[in-house]
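Right, one structure below, let's go through it.
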Amino acid sequence: MYHSKISGLGFYVPENVVTNDDLSKIIDTNDEWIQERTGIKERRHVQKGDGNTTTSMGVKAAKIAIERSGLSNDEIDFVVFATLSPDYYFPGPGVLVQKELGLRTVGALDIRNQCSGFVYALSIADQYIKTGMYKNILIIGSELHSFGLDMTTRGRGVSVIFGDGAGAAVISREEDTTKGILSTHLHSEGQHAEELAVIAPGMGKRWVTDIIKDNDPNDESFFPYMNGQFVFKNAVVRFSEVIHEGLQANNLNVSDINMLIPHQANLRISQFIQQKFKLADEQVYNNIQNYGNTTAASIPIALTEAWEQGKIKSGDLVVLAAFGSGFTWGSAIIRW
């Protein structure tokens, strides 16, 4: 049995910077209110006509990751794409990545695990490589939230949080079983599915035809809904549990962590976890201040930035952890 390792990383965010002050011009909010509750100062939003889509941003991130891996496109054996904001209702973006990168007719898998999507994608890739089925797998987390947000005062509790962007990683075979991805740990709790969700359009309750028929200007079913306090309370518990689970599975302690990359949901959640685990600032990487919550893209964007800045070195123990809609959550323990 092999191990897998991250052999290349890349990310892409749109050029358009949207500050809290920019949002205050169209929403009844202000910089102080947003920073106090989320820690966010600005985020990136796609502009109509700039050519960015969930797929194209993912492709841009993927090209960087593949180049840094030292591989050619022909050496990619499989694609896993995590997003809640695909270009089309179907097919998913995975096949579009295969086309845009000119890959061989390799398999392409799309996963819908929202904020924990990248950790799930990493876990899937890890299993394929450990069993010897594939040697190099491209995983992408990409989101275009801004077109689907309620950019009015009614939606400010959610809309100020999210940003657009993409991150990617190449996962490759590692012969040294003391290195690479040591373990991944995945969980779900569907009884809370509607506490953080976009209900429509969907085949379960309201499809597009229902929305058109009702023509209700007060219909909020197709905008994101979040029970913020409930999500926060669950997040801090599940983050802690799944980090401990990963450490215990590998006979490691909190003191062994060199870098924790939490999903960038809310700076207050990350700070709570940091304080609970008694981690120093240099042991935790946050960039939600600059990009907002980019859902499946947040961990690969943060991981790439931390690596680019020299904050992650060979031999370091890196912990990835995420929690989000579903509820789903997970962690990955990596020896760099």
Side-chain angles (χ1 to χ4, degrees), residues 14 16 18-30 33-34 37-38 40 43-58 81-96 110-115 117 142-166 190-232 265-266 292-297 324-328:
N16 181 38
V18 179
T19 67
N20 293 341
D21 288 335
D22 291 332
L23 291 180
S24 70
K25 296 172 184 176
I26 58 173
I27 297 173
D28 183 12
T29 189
N30 59 69
W33 189 90
I34 296 171
R37 287 161 177 77
T38 68
I40 299 168
R43 73 287 294 145
R44 305 295 180 95
H45 281 178
V46 165
Q47 290 181 298
K48 288 189 181 296
D50 68 4
N52 281 312
T53 66
T54 297
T55 296
S56 71
M57 290 190 293
F81 200 118
T83 189
L84 62 74
S85 52
D87 295 17
Y88 313 140
Y89 194 82
F90 71 86
V95 296
L96 303 180
D110 298 280
I111 58 174
R112 295 284 298 276
N113 289 84
Q114 294 69 250
C115 298
S142 181
E143 303 288 3
L144 200 170
H145 291 121
S146 57
F147 289 177
L149 298 173
D150 182 359
M151 301 301 290
T152 68
T153 299
R154 178 182 66 179
R156 67 180 175 181
V158 172
S159 298
V160 301
I161 297 172
F162 293 97
D164 302 334
Q191 66 174 315
H192 302 311
E194 294 190 6
E195 301 295 347
L196 177 52
V198 174
I199 301 301
M203 300 302 182
K205 292 188 176 182
R206 286 174 59 74
W207 183 235
V208 176
T209 49
D210 299 305
I211 296 171
I212 294 173
K213 179 182 177 182
D214 293 344
N215 192 27
D216 180 3
N218 296 313
D219 184 7
E220 299 179 53
S221 65
F222 46 82
F223 288 126
Y225 166 78
M226 179 172 65
N227 183 343
Q229 290 188 342
F230 187 78
V231 171
F232 188 101
N266 185 312
N293 180 345
T294 54
T295 307
S325 173
F327 289 150
T328 63

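Fair warning: this is a prediction, and the values are worked out from it, not measured in the lab.
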Sidechain-backbone polar pair: [X] side chain, [Y] backbone, donor-acceptor under 3.5 Å:
{"X": "Arg43", "Y": "Val18", "answer": "yes"}
{"X": "Ser221", "Y": "Ala200", "answer": "no"}
{"X": "Ser325", "Y": "Leu196", "answer": "yes"}

Exercise for review: Sequence neighbours left out, what passes side-chain contact (heavy atoms from CB on, under 4.5 Å) with Thr19? Give chain and number order.
Suggested key: Val17, Asp21, Asp22, Glu42
Review point. Does OH in Tyr89 sit with more than 12 non-hydrogen atoms of other residues, nucleotides or ligands closer than 6.0 Å?
Key: yes
Exercise for review: Look at the aromatic rings of Phe162 and His145 and report parallel, tilted or perpendicular, splitting at 30° and 60°.
Suggested key: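 The rings of Phe162 and His145 sit tilted, inter-plane angle from 30° to 60°.
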Practice item. Return the orientation label for the Phe327 and His192 ring planes: parallel under 30°, perpendicular over 60°, tilted otherwise. Key: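 Correct class here is tilted.
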Exercise for review: Let me see the working for Phe81 and Thr54 under side chain to side chain contact (heavy atoms under 4.5 Å, CB included), right down to the final yes or no.
Suggested key: CA-CA 10 Å; Phe81 200 118; Thr54 297; 3.9 Å; yes
**Study point:** Leu149 versus Ser159, closest heavy-atom pair with distance
**Key:** CB-OG, 3.6 Å
Check your understanding: Judged by modelled atom types alone, do Gln114 and Thr295 share a side-chain donor-acceptor pair under 3.5 Å?
Key -> no
Point to revise | By ring-ring contact (aromatic ring centres under 6.0 Å, His included) - contacts of His45 (at least two apart) | key: none
Exercise for review: Report the residues that fulfil salt bridge (charged side-chain N to carboxylate O under 4.0 Å, His left out) with Asp214, sequence neighbours left out, ordered by chain and then residue number.
Suggested key: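 With neighbours one apart ignored, the set is Arg206.
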